[in-house]
Number of protein chains: 2
Amino acid sequence: MGSNLEKNQSDKEPKIELDRVIHEPARLLIVTHLYVLDSADFLFLLSQTGLTKGNLSSHLSKLETAGYVEIHKEFIEKIPHTMLTLTNAGREALMQYRSYMQEMLNKLPS
Amino acid sequence: MGSNLEKNQSDKEPKIELDRVIHEPARLLIVTHLYVLDSADFLFLLSQTGLTKGNLSSHLSKLETAGYVEIHKEFIEKIPHTMLTLTNAGREALMQYRSYMQEMLNKLPS
DNA sequence: GTAAACTAGTTTGTAACGCAAACCGATAAG
DNA sequence: CTTATCGGTTTGCGTTACAAACTAGTTTAC
């Protein structure tokens with residue numbers, strides 16, 4: 001007794017320690033751009049990444065929700081303007097992602 | 001005239017050159033294991049990756065469809081046995097993926 | 001015998017995701 | 001007024017990853 005859990009195999013936790021928020025290609029692109037620039041506006045990212053507007057918008061929202069970017073909206077001469085900044089959490093997440101990937105890839109025999 | 005295509009912005013091709021078959025974490029795990037081992041059986045991969053059986057099975061099918069692994073089934077002492085091998089295409093895909101990722105990540109300032 | 005339990009996987013159902021089209025509120029031009 | 005443009009956001013939809021449920025066969029228990 002105690003527990004008659006019919007334990008499935010699902011308590012094997014998969015050996016992946018990868019931040020999916022960062023891992024997604026479109027977001028990796030965004031985040032690496034922001035990492036070197038420190039901040040950029042929507043239209044700049046749009047042209048640099050080649051994403052569509054809808055796509056860029058939703059990925060930015062997801063990064064914001066994750067706490068990785070801050071979105072600042074203001075009006076410049078009556079025209080809306082959106083500035084994106086990588087947060088510290090975002091920088092750290094990217095660096096951790098990088099370490100993980102580099103280690104995994106570097107140790108493959110060439 | 002000629003064409004009055006109301007061209008959207010969608011002819012901007014996104015600047016991502018990443019093989020999604022390889023990029024998926026679970027499959028990256030599988031493929032890197034096969035890369036060093038050259039071949040392995042289903043149960044070995046199961047324990048090494050920590051994936052569930054269903055998951056492992058479907059990822060392997062996807063890798064097979066992509067032409068990256070070969071799946072050989074045989075009976076050993078009346079018990080089914082599945083051997084997985086990385087194809088040349090699989091090796092090359094992984095190496096190309098690695099180059100792309102390493103370049104992208106290495107050029108980030110530390 | 002036949003039933004229960006185990007082995008080695010495959011198939012199914014579902015929630016989440018990524019994508020581009022469609023939409024929206026505001027300004028500018030004709 | 002109407003039309004187009006700008007700077008984005010929301011919607012709709014096909015695809016995916018995931019674990020639960022299932023399958024086919026084998027060994028063990030009775």
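Only this structure's heavy atoms are used, side chains among them; waters, hydrogens and symmetry mates stay out. Letters A, B, ... mirror the listed sequences (proteins, then strands); counts begin at 1.
For dA17(D), the OP1/OP2 oxygens have no side-chain nitrogen or oxygen of Arg20(B) closer than 4.0 Å. Checking the phosphate oxygens (OP1, OP2) of dG18(C), a side-chain nitrogen or oxygen of Arg27(A) falls inside 4.0 Å. A sub-4.0 Å separation between OP1 or OP2 of dA17(D) and a side-chain N or O of Asn55(B) is absent. For His59(A) and dC19(C), the shortest distance from a side-chain N or O to OP1 or OP2 is below 4.0 Å.
Taken to the nearest 0.5 Å, the CE atom of Met104(B) stands 10.5 Å off from the CE atom of Met101(A).
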Test side chain to side chain contact (heavy atoms under 4.5 Å, CB included) on Leu60(B) and Ile30(B) and set out the steps.
-> CA-CA 8 Å; Leu60(B) 285 172; Ile30(B) 294 170; 3.9 Å; yes
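A ring-centre distance under 6.0 Å is found for Tyr97(B) and His23(B).
Atom pair Lys53(B):NZ and dA24(D):C1' shows a separation of 12 Å (rounding to whole Å applied). Atom CG in Leu56(A) sits about 12 Å away from atom P in dA20(C), given to the nearest Å. If you measure from atom CG of Leu60(B) to atom P of dA17(D), you get 13 Å, rounded to the nearest angstrom. As rounded to whole Å, 12 Å separates atom P of dT10(C) from atom CG of Leu46(B). Residue Leu45(B) contributes atom CG, which lies 14 Å from atom P of dA8(C) at whole-angstrom precision. One interatomic measurement links the two molecules: CZ of Phe42(A) to C1' of dG8(D), which rounds to 5 Å at whole-angstrom precision. The separation between Asp41(B) atom CG and dA8(C) atom C1' is 11 Å, rounded to whole Å. What separates CG of Leu51(B) from C1' of dA17(D) is a distance of 11 Å, to the nearest Å.
Side chains of Tyr68(B) and Asn88(B): no donor on one and acceptor on the other come within 3.5 Å.
Using a 4.0 Å cut-off between charged side-chain N and carboxylate O, Glu24(A) and Arg20(B) make a salt bridge.
Listed by residue number, the members of residues 62-83 of chain A with any heavy atom below 4.0 angstrom from DNA chain D are Lys73(A), Ile79(A), Pro80(A), His81(A), Thr82(A).
Other residues, nucleotides and ligands contribute more than 12 heavy atoms inside 6.0 Å of the CD atom of Glu74(B). Within a 6.0 Å radius of CD in Gln102(A), more than 12 heavy atoms belonging to other residues, nucleotides or ligands are found.
Taking the side chain of Thr52(A) as heavy atoms from C-beta on, and the options dA8(C), dT10(C), dA20(C), the nearest nucleotide is dA20(C).
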